[in-house]
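Let me begin by presenting the structure, written as structure tokens, before commenting on it.
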Amino acid sequence: MPPRATPTVRQERLGIELRKMRDCAGRTTTQAAALFGLDRTKITQIEKGYYPVTPDRVRALAAEYEEGDLEYIDALARMADERHKGWWEEYRGSVPTGFLDTSELEYFTQGMMTYQICHPPGAMQTEEYSRAIFQDAYPPLRPRLLESRVENRLRRSEILMEQGSHPYTAVVHEAALRMRFGGAEVARRQLDRVLELAQLPHVTLHVVTFEADGFKGAGQTIVHARGPVPRLDTVQLDAVGGPVFLHERNQVENYRQIIDRMIERSLSPKQSCDLINRIKKGI
């Protein structure tokens, strides 16, 4: 198969894990390439996500590297086998690449935890609220691009909020619930949507109030996406240039603990919904 022009974050992640295994085993790219009769540059391309690798080769490399975690190996083999184009590819060229990478991350996640400061989570936004946010983009978006972003966000929401989806925990700062993007009526309907989704069995909502004690990470938007095994968990941070994805285990665990601390200092799900109802009445 030909090399990929631009690997997705998921393809890059598979390559990163294969390189980690090789490094831990003390093998060189030349030694790994000899296993399949390849040039060592092919191993480098595989480890960067540019060149596809089959599930059988993933298992052969894992055996060569003496990796003993069978669940981890199985998960990597499934990643190698998932070569179909996802629904998000329809939007390539009309939404930023970071949006596509986030869509892919959400599609494959086994569960998500997110902390939002200025907006309700994208998965909980109404169409009109999302449109109001994108209309504030600078430089202004052309109408076709704006509608593509709104449509992309709504499809992401359908997947994450669908009945039977994986657990979704939203930790939302009170500020995000009081800001009125799109005006009072749009803001009120947005709060109704948050309350509606909070009743889904797989959704848990916590609100961090203005009165909450300070804590590490309070100024960051954080998404923790659970992988098929803990070693494949991912953290996404928002940045000016687009989302940043973290895979290193200590970093991922650090941010997971930050979100856990946020939840400890937030309202319970019932108290959170009660507060949202009070905010809605004041709009």
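A quick note: this is a predicted structure, and the numbers were derived from the prediction, not measured.
- Linking ILVMFWY residues whenever their side-chain heavy atoms come closer than 4.5 Å, directly or via other members, places V171 and I258 in the same cluster.
- When only modelled atom types and interatomic distance are considered, Y50 and E12 share no side-chain donor-acceptor pair under 3.5 Å.
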- When you look at E185 and R188, which way does the salt bridge (charged side-chain N to carboxylate O under 4.0 Å, His left out) test go after all the steps? CA-CA 5 Å; E185 289 302 317; R188 188 178 294 110; 2.5 Å; yes
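- Checking side-chain atoms of T204 against main-chain N and O of Y168 turns up no donor-acceptor pair under 3.5 Å.
- Closest non-hydrogen pair, H166 versus Q110, comes out as CB-O, 3.2 Å.
- Within the 4.5 Å cutoff, side-chain heavy atoms of I73 are placed close to those of E67.
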- Message: Would F210 and H173 count as a ring pair (Phe, Tyr, Trp, His ring centres under 6.0 Å) here? Give the steps.
- Response: CA-CA 8 Å; F210 287 121; H173 197 280; 5.3 Å; yes
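- When side chains are defined from C-beta on, I259 does not count as touching T114, because their heavy atoms never get closer than 4.5 Å.
- When the side chains of ILVMFWY residues are joined at heavy-atom separations under 4.5 Å, either directly or via intervening members, L177 and L195 end up in a single hydrophobic cluster.
- Paired with L18 under the rule side chain to side chain contact (heavy atoms under 4.5 Å, CB included), one option of D23, I43, V53 passes, and it is V53.
- With respect to R78 and D74, no salt bridge is recorded, no charged nitrogen being found less than 4.0 Å from a carboxylate O.
- Remark: E147 engages R131 in a salt bridge, criterion side-chain N to carboxylate O under 4.0 Å.
- Within the 6.0 Å centre-distance limit, the rings of H119 and F181 are counted as a close aromatic pair.
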- Can R226 and M112 be said to form a side-chain contact (heavy atoms from CB on, under 4.5 Å), step by step? CA-CA 6 Å; R226 203 171 74 208; M112 294 191 72; over 6 Å; no
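- Using cut-offs of 30° and 60° on the angle between ring planes, the pair W87 and Y91 is perpendicular.
- Side chain of R22 to backbone of K20: no donor-acceptor contact under 3.5 angstrom is found.
- L160 is connected to M124 through a chain of hydrophobic side-chain contacts under 4.5 Å among Ile, Leu, Val, Met, Phe, Trp and Tyr, so both are in one cluster.
- E66 places no side-chain N or O within 3.5 Å of a backbone atom of A25 that could act as its donor or acceptor partner.
- A donor atom on one side chain and an acceptor atom on the other are found under 3.5 Å apart for Q125 and R153.
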- Message: What verdict does the side-chain contact (heavy atoms from CB on, under 4.5 Å) test give for V223 and E106, after you've listed the backbone C-alpha separation in whole Å, the side-chain angles of each residue and the deciding distance to 0.1 Å?
- Response: CA-CA 10 Å; V223 174; E106 292 172 345; over 6 Å; no
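- Criterion: ILVMFWY side-chain heavy atoms under 4.5 Å apart, direct or through other members. Under it, V208 and M113 are part of a common hydrophobic cluster.
- Side-chain atoms of Y255 and L237, non-hydrogen and from C-beta on, do get closer than 4.5 Å to each other.
- A distance-only check finds a donor-acceptor pair linking the side chain of E248 to the backbone of N250 [under 3.5 Å].
- With contacts defined as side-chain heavy-atom distances shorter than 4.5 Å, the pair E151/V95 does not qualify.
- At least one side-chain heavy atom of I222 sits less than 4.5 Å from a side-chain heavy atom of M262.
- Scanning all heavy atoms of the two residues, the minimum distance from V58 to A80 falls at CG2-CB, 3.8 Å.
- Residues passing the side-chain contact (heavy atoms from CB on, under 4.5 Å) test with K270 are S268, D274, sequence neighbours excluded.
- Between the side chains of S94 and R144, no donor-acceptor pair is found at a separation under 3.5 Å.
- With no hydrogens or angles considered, a side-chain donor-acceptor pair links T102 and Q236 at under 3.5 Å.
- Contact of the L38 side chain with the R57 side chain is registered, since non-hydrogen atoms from C-beta on lie closer than 4.5 Å.
- Cluster membership check: L205 shares its hydrophobic cluster with L275, using side-chain heavy-atom separations under 4.5 Å among Ile, Leu, Val, Met, Phe, Trp and Tyr.
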- Show your working on salt bridge (charged side-chain N to carboxylate O under 4.0 Å, His left out) between E82 and R10 and close with a plain yes or no. CA-CA 10 Å; E82 290 157 350; R10 186 172 175 82; 2.6 Å; yes
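- Side-chain contact between P121 and V172 is present, with heavy atoms from C-beta onward closer than 4.5 Å.
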- From CA spacing to verdict: side chain to side chain donor-acceptor pair (under 3.5 Å), T54, D56: CA-CA 5 Å; T54 65; D56 287 343; 5.4 Å; no
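- Panel note: side chain S272, backbone V207; a donor-acceptor pair is recorded below 3.5 Å.
- The shortest side-chain heavy-atom distance between H206 and P269 falls under the 4.5 Å cut-off.
- Aromatic ring pairs are classed by plane angle as parallel below 30°, tilted from 30° to 60° and perpendicular above 60°; the pair F134 and F99 is tilted.
- Using a 4.0 Å cut-off between a side-chain N of Lys or Arg and a carboxylate O of Asp or Glu, E253 and R249 do not qualify as a salt bridge.
- Between D192 and K280, at least one side-chain nitrogen of the basic residue sits less than 4.0 Å from a carboxylate oxygen of the acidic one, meeting the salt-bridge criterion.
- Note on residues 86-102: pairs passing salt bridge (Lys or Arg N to Asp or Glu O under 4.0 Å), not counting sequence neighbours, are E89-R92, E90-R155.
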